[in-house]
> 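Pasting a structure here, questions to come.
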Amino acid sequence: MARFVVVAIALAARGAAAAADILLASFDGKASHQWKQMNDPVMGGKSTGTFSVANNVGIFDGEVVDVPFLKAPGFIKTSVVDMKPFTRIFPDISACKSIKLEVKSDSDYKGYRFSIGNAHAPGGKFFAYGSLVQKFFEFIEATSPTSTLALLASGPLVSIKTRQDAALDETTVTLPLSGFTDYWDDATGEAIKTCQENKIYCPDVKTLQDMRTMGFWAEGVAGKVHLEIKSAAWPGQFGHCDWRLFWVT
């Protein structure tokens, strides 16, 4: 049976009246960016991946396989590469505490990651640029529209809330920005030191004021990849952002 997670990236407000979303990225012409695919063959690997847009959705497809000389899974990645050296690319999210994602996937792939910015940790790995959040969801069980969604968010300080709906199980996962780190292993995508261990590795002010780029990764886990990305938004003045995932079977 096919399994789906309905997907979108947005920053959401809490404890205040809702405001109009400020889009960070979308594929319907309202908040367009240039996206570029990069795969591990540039570093000797054999993973394959593509990024395309169809029906107002970004589609991240491919397969992660072992890098021969490492004997370990490589990566594929799609990220924003807007060429605007003197102008802002993204809104200021420095008032935010967490990020909300909406995505859709029909695979059980467990190595999805998400990054913001281009920061490089002091003493960081050669290719490890940007603040990366660890595997942002793992599919555990979903066998029918009324099944319980077992979702593991492996970042620290994550809260999971579920609400049963007539058509789908809705799960809101709040992943704090403190779950991102810019000190990570460029061979595996795993954190070397977390933001909780040392705040020097948290997303910095420069990144939060204009992240310049965001990226979706499939790294460190072998398998087929299919992720559909709908949008990214921020209801600015209220400043609370969280990740939201909807699962439909």
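Every value quoted in this text rests on a predicted model; they were computed, and no experiment measured them. Both backbone and side-chain heavy atoms feed into the values below; hydrogens, waters and symmetry mates do not.
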> Please tell me if the side chains of Thr194 and Tyr183 come closer than 4.5 Å, counting only heavy atoms from C-beta onward.
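No, every pair of side-chain atoms sits at 4.5 Å or beyond.
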> State, to 0.1 Å, how close Ala128 and Asp186 come at their nearest heavy-atom pair, and which atoms those are.
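Reported closest heavy-atom pair: N-CB, 3.9 Å.
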> Which atoms form the tightest heavy-atom contact between Ser26 and Asp28, and what is the distance?
OG-OD1, 2.7 Å
> If we only count heavy atoms from C-beta on, is the Pro68 to Lys46 side-chain gap below 4.5 Å?
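Answer yes - side chains close enough.
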> Are Leu208 and Met214 grouped together when hydrophobic residues (ILVMFWY) are joined by side-chain heavy atoms under 4.5 angstrom apart?
yes
> When rounded to the nearest 0.5 angstrom, what distance separates CD in Glu190 from CG in Leu132?
9.0 Å
> Between Phe216 and Phe114, does the ring centroid distance fall short of 6.0 Å?
yes
> On a heavy-atom basis, which atom in Phe180 and which in Pro203 lie closest, and how many Å separate them?
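Smallest interatomic distance, heavy atoms only, reads CB-CG, 3.7 Å.
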> Do the side chains of Val64 and Leu70 join up, straight or via other hydrophobic residues, at under 4.5 Å, putting them in one cluster?
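The answer is no; the residues belong to distinct hydrophobic clusters.
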> What distance separates Glu63 CD from Thr50 OG1, expressed to the nearest 0.5 Å?
12.0 Å
> Any side-chain heavy-atom pair from Pro73 and Asp66 closer than 4.5 angstrom?
yes
> Can you find a heavy atom in the side chain of Met211 that is under 4.5 Å from one in the side chain of Ile93?
yes
> Spell out, yes or no, whether Ile192 and Ile200 are grouped together once hydrophobic residues are joined by side-chain heavy atoms under 4.5 Å, including indirect joins.
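Per the 4.5 Å side-chain linkage, Ile192 and Ile200 are co-clustered.
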> Can you tell me if Ser47 and Asp40 form a side-chain donor-acceptor pair at under 3.5 Å?
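Yes - a donor-acceptor pair under 3.5 Å links their side chains.
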> Could you check if a side-chain atom of Gln37 sits within less than 4.5 angstrom of a side-chain atom of Ile76, using non-hydrogen atoms only?
yes
> Counting C-beta onward and ignoring hydrogens, is there a side-chain heavy-atom pair between Tyr112 and Val225 closer than 4.5 Å?
yes
> Closest approach of His226 and Ile59, non-hydrogen atoms and distance?
CE1-CG2, 3.7 Å
> Just wondering, do Val81 and Trp35 contact through their side chains at under 4.5 Å, heavy atoms?
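SC-SC contact between Trp35 and Val81 ruled out.
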> Going by the rule side chain to side chain donor-acceptor pair (under 3.5 Å), which residues pair with Thr207 if we only count those two or more places apart in sequence or in a different chain?
Asp204
> Identify whether Met43 and Trp217 are in the same connected component of the hydrophobic contact network (ILVMFWY, side-chain heavy atoms under 4.5 Å).
yes
> Is there a donor-acceptor contact under 3.5 Å from the side chain of Asp82 to the main chain of Lys84?
no
> Can you check whether His33 reaches Phe90 side chain to side chain, under 4.5 Å on heavy atoms?
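Of all side-chain heavy-atom pairs linking Phe90 with His33, at least one is under 4.5 Å.
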> I need the Phe60 CZ to Thr78 OG1 distance, nearest 0.5 Å.
6.5 Å
> Kindly give the heavy-atom pair with the smallest separation between Asp210 and Arg212, and that separation in Å.
OD2-NH1, 2.8 Å
> If I take atom CD from residue Gln34 and atom OG1 from residue Thr213, how far apart are they, to the nearest 0.5 angstrom?
10.5 Å
> Verify side-chain contact (heavy atoms from CB on, under 4.5 Å) between Phe75 and Asn39, making sure each step is shown before the conclusion.
CA-CA 6 Å; Phe75 76 91; Asn39 305 322; 5.8 Å; no
> With rounding to the nearest 0.5 angstrom, report the NZ to CE distance, Lys77 to Met38.
5.0 Å
> Can you name the closest pair of heavy atoms from Asp182 and Cys202 and give their distance?
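That would be OD2-O, 4.3 Å.
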> Mind checking whether Trp184 and Tyr201 have ring centres under 6.0 Å apart?
no
> Rounded to the nearest 0.5 Å, how far does CG of Leu177 lie from CD1 of Ile116?
5.5 Å
> Do you reckon Val42 sits in the same ILVMFWY cluster as Phe127, going by side-chain contacts under 4.5 Å, direct or chained?
yes
> Taking it one step at a time, do Lys193 and Asn198 satisfy side-chain contact (heavy atoms from CB on, under 4.5 Å)?
CA-CA 7 Å; Lys193 291 286 186 180; Asn198 191 327; 5.7 Å; no
> Residues in side chain to side chain donor-acceptor pair (under 3.5 Å) with His120, at least two apart?
none
